[in-house]
*Asks:* 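Next up is a structure, given as structure tokens.
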Number of protein chains: 2
Amino acid sequence: MSDLKRHPSQLRVVPEPTGKVTKADRTRAVILNAALEFIWSHPFRELSVNSLMASTGLSRAAFYQYFEDIHKMMETLLHMLAEEIFASANIWLEGVGDPVALLNESFQGLTQSCYQHGPFLRAVADASTTDERFEKSWGQFLSAFDDTGNARIQADQAQGLIATFDTRPVIFALNRVNAYTFIDAFGQRPRKQPKPIQEALARIWISTLYGAQYVEKGASNLIRK
Amino acid sequence: MSDLKRHPSQLRVVPEPTGKVTKADRTRAVILNAALEFIWSHPFRELSVNSLMASTGLSRAAFYQYFEDIHKMMETLLHMLAEEIFASANIWLEGVGDPVALLNESFQGLTQSCYQHGPFLRAVADASTTDERFEKSWGQFLSAFDDTGNARIQADQAQGLIATFDTRPVIFALNRVNAYTFIDAFGQRPRKQPKPIQEALARIWISTLYGAQYVEKGASNLIRK
DNA sequence: CTAATATCTGACACTATGTCAGATTTGAAA
DNA sequence: TTTCAAATCTGACATAGTGTCAGATATTAG
């Protein structure tokens with residue numbers, strides 16, 4: 001336990017750095033990290049409480065002290081990923097200034113995060129089909145982008161930056177292209193190269209929203225470091 | 001058995017109309033139809049050999065006379081759906097004439113098929129994450145569109161109809177937007193309205209490939225009946 | 001009608017889940 | 001350092017699903 005190697009997905013759970021760290025905090029982190037490690041090299045369908053706890057040295061029953069079931073555990077992990085992803089998305093969603101530049105910057109961070117955590121992102125998506133409650137969580141995660149994206153498009157339409165059309169189904173589709181392109185491209189190793197994917201997605205969004213003339217291959221170079 | 005009501009998904013399996021119809025042919029069809037019926041109103045995760053065979057009146061063991069497991073059965077059903085979908089897609093993929101008109105016509109049929117069979121399409125996608133072999137089949141189904149779509153784009157680029165860019169990742173993303181927008185929009189009832197989804201997808205494809213000036217709301221009216 | 005064949009079934013071995021009473025470990029107060 | 005109540009962990013059980021097989025039953029060609 002003392003010399004755990006860095007987790008390849010870069011996502012790690014550490015017990016709250018503030019306040020007293022109980023045994024339970026440490027055990028919980030051990031389980032979550034074992035899950036991340038497992039998911040990095042196995043599909044979600046092979047993750048059982050059995051296989052997971054075997055890799056921790058604890059008994060299977062101990063798992064249920066911490067999580068109601070595997071999907072409740074995935075929910076915890078989804079929240080971690082969601083925070084990181086929202087941060088990148090918000091650059092465009094809530095930024096001010098040239099929207100095309102903001103979009104390019106968003107996609108830069110989004111692509112990096114999704115590439116970094118590809119297999120884990122995929123595991124979350126896979127998990128969403130096998131449990132009713134978690135399906136709802138995943139749906140809410142996706143639809144959060146629909147709502148904020150819709151607001152952004154309508155604001156840009158009001159300013160005359162985007163043509164007038166029925167925004168809801170368009171942002172719905174644009175969000176799905178991102179989610180599932182990332183999942184399919186980065187969800188299993190060997191992952192596809194991130195740059196061409198990023199450029200393709202940026203091309204699609206920019207062409208659809210602002211017009212093809214704003215698609216610039218070198219756009220990402222204009223962004224601060 | 002004699003007065004089976006029409007299946008709501010419109011997809012039905014009937015024993016080969018040509019040649020002798022054995023008991024096995026009929027039983028096989030009974031099982032497949034029970035699966036379609038089940039899937040129309042339940043998520044794939046609730047489809048077990050248990051629940052399926054209970055609804056046929058046959059024993060659970062009988063299932064294994066016809067299919068290796070649930071995913072092999074889904075494979076059979078996927079092939080039926082794939083045929084119908086390829087037919088619509090080929091209008092654009094292999095048609096000659098105004099590509100924007102062809103694309104609109106493709107999307108008309110594609111949207112109709114996916115709306116019609118929405119819950120079933122979703123079941124197939126869900127099933128793809130829970131079995132290694134079936135995951136491969138679903139992947140091949142999707143990537144077939146990548147290959148033929150790629151050829152089509154490159155042909156249009158050669159004619160100067162589409163700007164020059166790295167085609168592979170763009171068609172990859174465009175195919176995912178269709179697949180997963182249809183699945184999310186039509187996969188669970190109440191399904192979203194098909195028309196706005198069709199128009200949104202057409203807008204995205206046309207803007208990305210041919211330019212926003214070709215996006216025409218009334219385009220689908222130009223198509224023969 | 002009959003017998004050979006096709007189809008179907010009950011019962012078994014296996015794997016996984018979630019729960020609980022009781023065993024063990026932890027760590028704060030003495 | 002010792003103590004002991006609370007925190008944590010475990011083995012064993014009940015339940016549910018899978019895939020297989022020997023043998024029972026139904027079908028159909030002759």
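Heavy atoms only: backbone and side chains are in, while hydrogens, waters and symmetry mates are out. Sequence lines set the chain letters: A, B, ... in the order given, protein chains first and strands last, and positions in each chain run from 1. The shown structure was predicted, so the numbers you read here are calculated from the model rather than taken from an experiment.
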*Asks:* Does some side-chain heavy atom of Glu75(B) sit less than 4.5 Å from a side-chain heavy atom of Ile70(B)?
*Replies:*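 Side-chain contact under 4.5 Å: no.
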
*Asks:* Name the pairs: protein N/O against N/O of nucleotides 7-9 of chain D, kept only if under 3.5 Å.
*Replies:*
| from | atom 1 | to | atom 2 | distance (Å) |
| --- | --- | --- | --- | --- |
| dT8(D) | OP1 | Ala24(A) | N | 3.2 |
| dC9(D) | OP1 | Lys23(A) | NZ | 3.1 |
| dC9(D) | OP1 | Thr27(A) | OG1 | 2.9 |
| dC9(D) | OP2 | Tyr66(A) | OH | 2.6 |
| dC9(D) | N4 | Gln65(A) | NE2 | 3.4 |

*Asks:* So where does chain A start and stop touching DNA chain C, 5' to 3', when the test is distance under 4.0 Å to a non-hydrogen atom?
*Replies:* dA16(C) to dA28(C)

*Asks:* Return the orientation label for the Phe38(B) and His42(B) ring planes: parallel under 30°, perpendicular over 60°, tilted otherwise.
*Replies:* parallel

*Asks:* List the protein contact pattern of nucleotides 14-20 of chain D with one symbol per nucleotide (5' to 3'): B for base contact, S for sugar-phosphate-only contact, - for none; contact means a heavy-atom distance under 4.0 Å.
*Replies:* ---SBBB

*Asks:* As a test of understanding, state which of Tyr180(A), Phe182(A), Phe172(A) forms a ring pair (Phe, Tyr, Trp, His ring centres under 6.0 Å) with Tyr180(B).
*Replies:*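 Single ring pair (Phe, Tyr, Trp, His ring centres under 6.0 Å) partner of Tyr180(B) among Tyr180(A), Phe182(A), Phe172(A): Tyr180(A).
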
*Asks:* I'd like a table of donor-acceptor pairs (distance under 3.5 Å, sequence neighbours excluded) in which one partner is a side-chain atom from residues 185-192 of chain A, with atom names and distances.
*Replies:*
| from | atom 1 | to | atom 2 | distance (Å) |
| --- | --- | --- | --- | --- |
| Arg189(A) | NE | Trp40(A) | O | 3.4 |
| Arg189(A) | NH2 | Trp40(A) | O | 2.7 |
| Arg191(A) | NH1 | Tyr115(A) | O | 2.6 |

*Asks:* Identify which one of Leu102(B), Ile171(B), Leu209(B), Leu103(B) satisfies the side-chain contact (heavy atoms from CB on, under 4.5 Å) criterion when paired with Arg152(B).
*Replies:*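 Passing option: Leu102(B).
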
*Asks:* May I have all residue pairs that pass salt bridge (charged side-chain N to carboxylate O under 4.0 Å, His left out) and include part of residues 131-145 of chain B, sequence neighbours excluded?
*Replies:* Arg45(A)-Glu135(B), Arg122(A)-Glu135(B), Glu68(B)-Arg133(B), Asp69(B)-Arg133(B)

*Asks:* Any non-hydrogen side-chain atom of Gln65(A) less than 4.5 Å from a side-chain atom of Leu58(A)?
*Replies:* no

*Asks:* Quick check: do Asp126(A) and Pro43(A) have side-chain heavy atoms less than 4.5 Å from each other?
*Replies:*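 The answer is no, as the side chains (C-beta and beyond) never meet within the 4.5 Å cut-off.
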
*Asks:* Below 4.5 Å, heavy atoms only, C-beta onward: do Leu77(B) and Leu81(B) meet side chain to side chain?
*Replies:*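 No, too far: nothing below the 4.5 Å cut-off.
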
*Asks:* Report all side-chain donor-acceptor pairs from residues 84-92 of chain A shorter than 3.5 Å, counting only partners two or more places apart or in another chain.
*Replies:*
| from | atom 1 | to | atom 2 | distance (Å) |
| --- | --- | --- | --- | --- |
| Glu84(A) | OE1 | His117(A) | NE2 | 3.1 |
| Glu84(A) | OE2 | Ser113(A) | OG | 3.0 |
| Glu84(A) | OE2 | His117(A) | NE2 | 3.2 |
| Asn90(A) | ND2 | Phe86(A) | O | 3.4 |
| Trp92(A) | NE1 | Tyr210(A) | OH | 3.1 |

